[in-house]
Amino acid sequence: MPRFYLTTAIDYANGDPHLGHALEKIGADVIARYHRLAGFDVHLLMGMDEHGQKVQQTAAALGVTPLAFADEIATRFQAMWARLNVQYDQFIRTTDTHHKVGVQALIRRIAERNPDDFYERSYRGLYCVGCEAFKQDADIVDGRCLLHPTRTLEEVEERNWFFRLSKYQPFLQALLASNPSYIEPESRRNEILGLLAQGLEDVSASRSRLDWAVPFPLPLSSGERQGTYVWFDALPNYLTATGFPEAGFETRWPADVHIIGKDITRFHAVIWPAMLEAAGLPLPKQVWAHGFVQLGGERFSKSAGVKLDLGEAIDRYGVDAFRYVLLREVPFDADGNFSWERFEERYTSDLANAFGNLASRATAMVEKYCDAIVPAAVQPAAESGDALDITAYHAALDGKHGWLLHDGLSAVARMTARANEYTQATAPWQLAKDAGKRADLEQCLASLIRRLARQAVLLSPFMPDKAEALWTQLGAPGKACEQRFAALDRLDVTGWRVAKGEGLFPRPLPPKP
RNA sequence: GGUCCGGUAGCUUAGUUGGUCAAAGCGCUCGACUCAUAAUCGAAGGAUCGUGGGUUCAAGUCCCACCCGGACCA
């Protein structure tokens with residue numbers, strides 16, 4: 001069975017999961033579920049990034065150990081992924097012993113193979129005593145730290161280990177020239193190409209005053225031991241999760257795709273492949289940078305109070321409706337918008353009116369006209385008009401042309417619309433009045449059930465529970481998630497006993513929040 | 001300040017290499033139907049394609065400048 005290893009960004013243990021996290025995790029889950037239906041041995045990795053001063057400081061402020069704090073945050077994230085029905089195969093935490101061992105092994109391996117790649121250099125920056133951290137320009141306003149505006153920033157110099165990233169510029173340029181799909185979508189690749197054209201700076205790999213970190217395995221010439229700086233700790237999680245450095249990690253590594261947010265493209269497209277090349281390890285096959293979700297047209301932020309309560313969004317119409325609307329509304333290759341208004345519109349038009357009602361009318365007619373037993377279809381290919389949409393669906397999800405999950409949903413929506421048109425045009429309720437048209441009636445109803453069954457399977461990566469619910473209502477054997485795309489063409493619905501149940505996506509709407 | 005991405009009907013978006021390219025879905029209006037979750041089907045209306053220049057016989061589609069939104073870098 002072919003393997004498929006995909007990862008999401010590990011989330012920083014500083015705050016609760018929000019809409020942006022949810023988009024990435026649900027998207028990755030859809031891709032994973034799709035590949036299971038396509039017959040792959042799928043491994044979806046998710047996890048937490050738990051080191052660094054912010055975690056340490058927040059924990060200290062709460063009077064708990066950093067690890068206890070990280071445990072709490074990890075528990076909250078995992079609980080949210082469970083609610084969102086995100087089915088990961090592995091959850092890594094950078095505080096896992098194995099990860100720390102792996103990070104150190106990777107650094108040593110680089111140092112052994114390319115002794116020049118790590119070197120000592122002094123780092124100079126603006127240091128905030130309040131934060132006990134160096135501040136970047138984004139965190140500085142009027143020469144003051146945003147969080148501690150009453151204190152003055154000090155210019156501090158320290159010696160650190162640096163990684164000779166600049167050395168890998170030709171390698172990275174050649175990589176993108178020979179393998180353009182290494183970074184997708186194209187807009188993000190262009191960004192990186194521009195960055196490479198400007199020239200790369202070496203990056204620091206260790207920092208002093210970094211106590212809550214993986215100890216950097218090489219001591220400085222002064223004897224000082226420092227903590228591993230963020231990217232050398234976080235990025236290797238994709239590798240250490242496979243068991244590295246222990247033998248056997250190669251069975252999973254390299255990853256097929258890293259699903260990340262566009263804000264961290266640079267680290268995944270530049271630093272990470274350079275690190276792997278330095279270590280003589282295979283590169284991941286692709287980095288996919290999705291866009292951001294805006295909320296009602298505004299960027300959500302804690303400070304501005306623009307945020308969406310994920311629990312509320314899930315409770316609104318159920319987790320599957322939320323997953324559907326989020327991925328239908330937000331293109332997976334660009335920024336998108338989410339609002340309660342759109343949620344209502346999408347739920348009502350796509351799910352309740354089009355899809356749910358199609359299931360309702362079709363099962364009702366089989367019950368009414370055929371004693372609930374799906375008749376044998378005379379022309380099993382009556383729905384051949386769906387072929388193009390099924391092709392489009394796979395093109396959106398198989399990764400060969402990017403991961404355009406929203407296009408996959410559009411394709412299924414067209415199939416649903418076509419089935420409703422077919423129903424209207426054939427008017428089985430009229431055929432039922434004429435015994436001489438019995439064959440036409442049975443043909444129509446069998447076709448509708450077949451279409452619904454196929455749509456249930458195609459939608460199951462997006463809406464796992466609803467797909468199963470429909471599968472059951474149709475009287476289909478087994479489970480929707482156990483089907484294989486390859487066998488879907490030949491799906492025979494003859495003799496299924498339908499059982500029209502509760503509406504899949506009921507109206508009327510509950511009151512607005 | 002630099003780089004990149006986006007700015008097309010009320011909303012969300014399609015629009016290969018310039019020439020039926022002004023398109024689709026939702027919403028709104030009208031008509032049809034009654035199996036169904038007052039759902040469905042059909043039809044109509046609706047855009048000076050961010051702004052201003054330029055290239056061209058011909059430009060959302062190429063060039064320049066500017067405005068707005070976003071990401072990254074400095």
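In what follows, every chain begins at residue 1, and chains take the letters A, B, ... in the order their sequences are listed. Owing to the predicted nature of the structure, the values given are computational and were not obtained by experimental measurement.
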Which donor-acceptor pairs under 3.5 Å do the side chains of residues 390-397 of chain A make with protein atoms, sequence neighbours left out?
from: A:T391; atom 1: OG1; to: A:A387; atom 2: O; distance (Å): 3.0
from: A:Y393; atom 1: OH; to: A:L458; atom 2: O; distance (Å): 2.5
from: A:H394; atom 1: ND1; to: A:Y34; atom 2: OH; distance (Å): 2.7

Taking atom [atom1] in both [N] and [M], compute the distance separating them and give it to the nearest angstrom.
{"N": "B:A9", "M": "B:U51", "atom1": "P", "result": "10 Å"}
{"N": "B:C26", "M": "B:C21", "atom1": "P", "result": "22 Å"}
{"N": "B:C5", "M": "B:G45", "atom1": "P", "result": "37 Å"}
{"N": "B:G6", "M": "B:U16", "atom1": "P", "result": "12 Å"}
{"N": "B:C49", "M": "B:U12", "atom1": "C1'", "result": "16 Å"}
{"N": "B:A14", "M": "B:A58", "atom1": "C1'", "result": "23 Å"}
{"N": "B:U40", "M": "B:C33", "atom1": "C1'", "result": "8 Å"}
{"N": "B:A24", "M": "B:C68", "atom1": "C1'", "result": "26 Å"}

Given that A:R266 and A:W429 both sit by RNA chain B, which one's nearest nucleotide is further toward the 5' end? A:W429
If you assign A:E201 and A:A354 each to the RNA chain B nucleotide with the nearest heavy atom, which residue ends up on the more 5' nucleotide? A:A354
Rounded to whole angstrom units, what separation is found between the [atom1] atom of [X] and the [atom2] atom of [N]?
{"X": "A:E329", "N": "B:U12", "atom1": "CD", "atom2": "P", "value": "9 Å"}
{"X": "A:H406", "N": "B:A14", "atom1": "NE2", "atom2": "P", "value": "7 Å"}
{"X": "A:D335", "N": "B:G69", "atom1": "CG", "atom2": "P", "value": "14 Å"}

Classify the side-chain pair A:E158/A:S208 by whether it contains a donor and acceptor separated by less than 3.5 Å. yes
Does any part of the side chain of A:F322, heavy atoms only, come nearer than 4.5 Å to the side chain of A:L84, both counted from C-beta? yes
Among [options], which nucleotide sits nearest the side chain of [X]?
{"X": "A:S360", "options": "B:A36, B:C5, B:C41", "answer": "B:A36"}
{"X": "A:N420", "options": "B:U40, B:U37, B:C26", "answer": "B:U40"}
{"X": "A:E421", "options": "B:G42, B:U37, B:G25", "answer": "B:G42"}
{"X": "A:Q424", "options": "B:G70, B:G42, B:U40", "answer": "B:U40"}
{"X": "A:D263", "options": "B:C72, B:U34, B:U40", "answer": "B:C72"}
{"X": "A:F267", "options": "B:A39, B:C35, B:C73", "answer": "B:C73"}
{"X": "A:N190", "options": "B:A71, B:U34, B:C4", "answer": "B:C4"}
{"X": "A:Q198", "options": "B:A36, B:C5, B:C73", "answer": "B:C73"}
{"X": "A:L195", "options": "B:U37, B:C73, B:G25", "answer": "B:C73"}

If you measure from CZ on A:F355 to CE on A:M415, what distance do you get to the nearest 0.5 Å? 10.0 Å
All heavy atoms of A:L176 vs all of A:I192, minimum pair found to be CD1-CG2, 3.9 Å
Run through A:L431, A:V366, A:V498 and flag the one making a side-chain contact (heavy atoms from CB on, under 4.5 Å) with A:L445. A:V366
Do the side chain of A:E191 and the base of B:U3 come within less than 3.5 angstrom through a donor-acceptor pair of N or O atoms? no
Any donor-acceptor pair, under 3.5 Å, between the side chain of A:N357 and the base of B:A36, if you only look at N and O atoms? yes
Under 3.5 Å for both donor-acceptor distances, Watson-Crick or wobble: does [N] have a partner, and if so which one?
{"N": "B:U12", "value": "B:A24"}
{"N": "B:G46", "value": "none"}
{"N": "B:C35", "value": "none"}
{"N": "B:C72", "value": "B:G2"}
{"N": "B:A65", "value": "B:U51"}

Cation over ring, A:R323 on A:F462, under 6.0 Å and within 45°? no
Classify the nucleic acid contact of [X] as base, sugar-phosphate or nothing, counting any heavy atom under 4.0 Å across all strands shown.
{"X": "A:Q430", "answer": "sugar-phosphate"}
{"X": "A:F505", "answer": "base"}
{"X": "A:R414", "answer": "nothing"}
{"X": "A:A364", "answer": "sugar-phosphate"}
{"X": "A:I192", "answer": "nothing"}

Phosphate-side-chain proximity, A:K500 and B:U37, N/O vs OP1/OP2 below 4.0 Å: yes
With respect to the phosphate group of B:A71, does any side-chain polar atom (N or O) of A:R188 fall under 4.0 Å of OP1 or OP2? no
Chi-angle category of B:G60 [syn within 90° of 0, anti beyond]: syn
Hey, can you tell me if A:H268 and A:Y238 have their rings parallel, tilted or perpendicular (30° and 60° cut-offs)? tilted
